[in-house]
Each structure stands twice: as structure tokens, then as C-alpha cells.
Amino acid sequence: MAKRSNTQVYTPQIALDGQAWRGWSEGQPFKPVLTTARLALNVRVAETLTIRWNQSASMSKTSPADLYVTLAESSLISKVRAGENGGKVLHHDHVVRALHGPFRTTTGESSFELPKGVVLANTRIIAWLEDRESGALLQSVHGPLANCTALANE
């Protein structure tokens, strides 16, 4: 979920119910943006990852939504050989292993190679709809990749 402009990309520090909460550090209340987003995502994992989507979403009638799909893996370990953490073993969760999109159609299907070495039992698929004009997050769905046959939020 990143807001784009000609010169920068904004990534929120806090998201609540799939929406950026910009004033959280100043104690400002959360003001949700109401949308009519609806996303159905079917996922098949075999030799490749295949996704099929059907979505209807927009903040306004003139601004369509884009679909993004990512794979995030947890329980990764790295052994640091040098530097201030030399000799330590670091544990990493929610590491983005693949990012696909934007998909600019309301329905479609696409297949991808799984990242080399990805452990399905430790990996989640995360998909979200983003307003093309404002960059606002409209809806997100997620679930463990190991048991993915279908994810839907209808």
C-alpha cells in the first residue's frame, strides 16, 4: 500500500482495517474511508502459483482499482558473519518474497513461478485493491499459501 506521486512513494506506518491511519502518532482518531470494494481471489499452487480474480471496487465512478498480489514468508533465518551483529542468528518474519501487479483488469488469471526455496508452510498470500488515482487501500485478503485453494472476501 503505497501512495505514488511524481517524486515520492508514501508507505504508511500504521494501517487499520486495511486503511492508512496517518494521525495515529498525534492521537488523532481513525477516520475510515468507506468503499464498495469486493474482491474474490482463487489461488492454486502446483508447479506454479495461479491466481484468478474478480473484483469490483472504486472510490469514485471515474477511478478504477488495481490489484496487487504478494507472497510473504516467515520463519526465515540468517547467520550474520561480520559487522555489529557478527556471529548472531537473526530471525525474520513477513518477508516479501514476490510482488505481482498492478493488474488493471477487474477479472483475470495469471500464473507465476514460486520464488526459489520458498517454504509453502511458512508463506502467506496477500492481495489488495488500491484506488488507481489516490493510492488508497480499498480492500485486502490474505491466507496461508499451504492450504490455498480459494480465498474470498465477498
Side-chain angles (χ1 to χ4, degrees), residues 1-25 30-79 90-154:
M1 170 171 122
K3 172 82 171 126
R4 285 177 286 293
S5 73
N6 290 340
T7 59
Q8 67 183 21
V9 173
Y10 165 76
T11 303
Q13 291 181 340
I14 301 290
L16 180 64
D17 289 336
Q19 296 178 25
W21 183 2
R22 292 184 180 220
W24 69 274
S25 62
F30 177 66
K31 297 177 186 171
V33 176
L34 301 177
T35 70
T36 58
R38 295 175 65 89
L39 172 66
L41 182 69
N42 293 302
V43 181
R44 288 189 314 273
V45 180
E47 298 295 316
T48 60
L49 171 71
T50 301
I51 61 168
R52 188 174 0 159
W53 64 90
N54 184 356
Q55 57 106 338
S56 64
S58 91
M59 304 258 319
S60 70
K61 302 233 183 249
T62 59
S63 181
D66 293 331
L67 172 67
Y68 292 84
V69 177
T70 189
L71 299 179
E73 187 173 4
S74 293
S75 300
L76 297 172
I77 296 174
S78 60
K79 297 176 184 176
L90 303 179
H91 300 267
H92 312 284
D93 288 324
H94 315 293
V95 176
V96 174
R97 297 294 308 273
L99 173 64
H100 303 285
F103 298 103
R104 298 196 161 196
T105 60
T106 56
T107 60
E109 180 173 309
S110 195
S111 294
F112 314 100
E113 295 292 321
L114 290 170
K116 185 176 180 177
V118 72
V119 177
L120 294 181
N122 299 335
T123 304
R124 298 185 72 72
I125 186 166
I126 305 159
W128 67 94
L129 292 175
E130 189 174 287
D131 184 87
R132 188 174 302 161
E133 184 177 298
S134 70
L137 180 64
L138 302 175
Q139 184 188 13
S140 62
V141 295
H142 65 92
L145 193 59
N147 357 345
C148 265
T149 53
L151 282 175
N153 193 347
E154 297 186 84

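Atom set for the values below is all heavy atoms of this structure, side chains included, hydrogens, waters and symmetry mates excluded. The residues of the chain are indexed from 1 along the displayed sequence.
Remark: side-chain polar atoms of Thr48 are not paired, donor with acceptor, to backbone N or O of Glu113 under 3.5 angstrom.
Here the side chains of Leu114 and Val45 are in contact, with some heavy-atom distance below 4.5 Å. At least one side-chain heavy atom of Ile51 sits less than 4.5 Å from a side-chain heavy atom of Ile125. Using a 4.5 Å heavy-atom threshold, the side chains of His92 and Ser78 count as touching. Within the 4.5 Å cutoff, no side-chain heavy atoms of Val119 are placed close to those of Ser75.
Between His100 and Phe112, the two ring planes are parallel [angle under 30°; tilted spans 30° to 60°]. Classification of the Tyr68-Trp128 ring pair by plane angle, with boundaries at 30° and 60°, yields parallel.
Minimum interatomic distance between Ala146 and Ala121 (heavy atoms only, all atoms of both residues): CB-CA, 4.0 Å. Shortest non-hydrogen contact noted between His94 and Ser74 is N-OG, 3.1 Å. Closest heavy-atom contact between Gln139 and Leu39: OE1-N, 2.9 Å. Smallest separation of non-hydrogen atoms from Ile126 and Ala72: CD1-CB, 4.0 Å. Closest heavy-atom contact between Arg97 and Lys116: NH2-O, 2.8 Å. Heavy atoms only, all atoms of each residue included: Glu73 and Thr123 are closest at CG-OG1, 3.5 Å.
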